[in-house]
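One structure is given below, encoded as structure tokens.
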Amino acid sequence: MSAPTAHLFQSQPNAARRSERATFWLFRSATYLVLACGLAVFGTIFFKGAGTVFKAEAPFINTTFFTDAPESLYLFEFEGKKYEMGDREFRAFKEKHPAAATVKSESYVYSAGGIFPCIVGTVLLVVGSMTIALVLGVCAAIYLNEYARDGLFIRFVRLAILNLAGVPSIVFGLFGFGMFVIYFGWNVSLLAGWFTLAFMVLPVVITASEESLKAVPKGFREGSLALGATKWQTIRLNVVPYALPGILTSSILGIARVAGETAPIMFTAAYVVGDKLPWDVAKAGDFFFQGVMALPYHIYVVSSKIPQNEYTERVQYGTAFVFLLVVAFIAASSIILRNKLRSRYKW
Amino acid sequence: MVNAAPILMDTPSSAPAKSSAYKPTVRLSPASLPSAHAPGAAAAPMGETLVDISHLDFFYNTSQALHDINLKIEAKNVTAFIGPSGCGKSTLLRCLNRMNDLIDGTRVARGTIKIHGVDIYQPDVDVIELRKRVGMVFQKSNPFPKSIYENITFGLRLQGMNDPAKLDEIVEKSLRGAALWDEVKDRLGASGMGLSGGQQQRLCIARAIAVEPEVILMDEPCSALDPVATAKVEELIQELRSRFTIIIVTHNMQQAARCSDKTAFFYLGKLIEFADTRDIFTKPANAQTEAYVSGRFG
């Protein structure tokens, strides 16, 4: 006979209780593991990159890393002292100390100087491709949601959009290379990169814009039409303005993808190194037909094409850190813009 | 029937004879219809038949929603459509400004709806012109998420009116007309969505009357309102009846009894009885009408 229970509702250990606790801890630890992964990624990049981006004395930010082009790093011993300096600095040093001209040095490419051209290139790629993607995507979404009648053709279009979303980014890169770089003869250029990236995010933009348009209550359309507005007046004045915050929200996701993808731009828009900044062009038209350096591609180059050691690590993590900052900055601006629009049209 | 608006008539002889198949006799267009804002423009006087529905069959895809509807609606009167849910009263109302066009698979299979003698379903009718003259207030109040002022001026701006003084004047007139002016005159710049449910519905009515339509269609305008707000809207209908032809769909039989001159009772897509409101509620000719108005079904 078992021990007498203390009261009517005394808890008793049994299989159901045990599995309840086990399940709870399984879910909880899975969540914590996710958190740990996130912290590990951001933590590593922050701590290793912070050394490059910040410095101990005022103004506490290593401004040359943001404003200079990449240079080679030279390591050498001169008159018993160890030096490490960038390309330009080393040449100036040699002029000052003629004896140093023959000094034996080790060099690592891209490990000194800054990443200004990469920041500029990434911002240009994001702005251009998102503009193309938003214009094309929003127009297509308006057509699909407001004008098109459901039928075989429209279902086929939707299927195509879904499939486009599943295409790996390297395939977009190849497509852009074949189509824009070779066939259209744009060479490796901003324009080719813009269109390749825009095509890549189009499904995201179209799907999300359609969702935002669907979320606009039918009453606004009916009210507008009942006052004698044409369909386009209704869409322009009483549908799209209310859907814009949602469209922008979705495009923020697109921005992160466009800024981050390496594969689509490596054949279409990215230069390993560009000796000129994008605005240093002979005539305005050339602007669109030049390649640019870009942050994700620069990270790929510095982490796979040069030796790995303590000297090259600085630029690797520094670039990754700045990259996160740039994406965060662009996303934050869109969020602010979205909130502004949202507070204007509230329902 | 006396034709109240001779300027509407555009005889076949003056129409370009493109082919023998070209037969519209009367065109509904800005040129042939009296301007909404021109004072003294021809409008049907009280009691005149303004909307003439004859032998109307209406379909949603393959299911017939209206069966052989015949109804003459008089100008400057309040006509109520009553009947249980799904009886077709809202469908008929939405036929009158062709809002049903927005729904795929709807069609008028037979019959005509004439307004001022013009069949509004003939191919050369511009629905935009039609809707300017046949305004609508919806079941769920739908002010635009813009300011009260912009809500009222929306329809006017569409018509190209941009004179600020004129717009101000019409905003005040419309809001007064909708008995809303005193409540909102100090916050015309505030969002229309910030008003209470009853105020929102009156704002929608103000928005509709701002463009000076001839007919105002009301699709259960009070179904989402509390009794106090309902009473205000009903009061408003009484004030508007001298200026507009009002057609109201309602679930609330007391409402129909209180505020309409004529009542049409629909059941299963058929018009069962159409008569003076007093007669419908006191001595209905049809047994089904009697059963419905006395609360035995519906």
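As a basis for the values below, the full set of heavy atoms in this structure was taken, side chains included, without hydrogen atoms, waters or symmetry mates. Owing to the predicted nature of the structure, the values given are computational and were not obtained by experimental measurement. Numbered from 1 within each chain, the chains take letters A, B, ... in sequence-line order.
Atoms CD1 and CE, from B/Ile205 and B/Met218 in turn, are 4.0 Å apart once rounded to the nearest 0.5 Å.
The side chain to side chain donor-acceptor pair (under 3.5 Å) analysis of residues 192-202 of chain B, with sequence neighbours excluded, yields the pairs B/Ser141-B/Gln200, B/Glu183-B/Gln199, B/Glu183-B/Arg202, B/Ser196-B/Gln199. Residue pairs meeting the side chain to side chain donor-acceptor pair (under 3.5 Å) criterion with at least one member in residues 161-175 of chain A, sequence neighbours excluded: A/Ser169-A/Glu261.
No other option in B/Leu158, B/Val127, B/Asn97 has as many heavy-atom pairs under 4.5 Å with chain A as B/Leu158. In terms of non-hydrogen atom pairs under 4.5 Å with chain B, the most contact-rich of A/Lys218, A/Arg221, A/Gln233 is A/Gln233.
If you measure heavy-atom distances from B/Arg207 to chain A, the contacts under 4.5 Å come from both the backbone and the side chain. With a 4.5 Å cut-off on non-hydrogen atoms, B/Arg94 touches chain A through its side chain but not through its backbone. For B/Val134, the part lying near chain A is the backbone, with the side chain staying farther off; criterion is any non-hydrogen pair under 4.5 Å.
The ring of A/Phe42 has its center no closer than 6.0 angstrom to the ring center of A/Phe46.
Classified by interplanar angle (parallel below 30°, tilted 30° to 60°, perpendicular above 60°), the ring pair A/Trp186/A/Phe195 is tilted.
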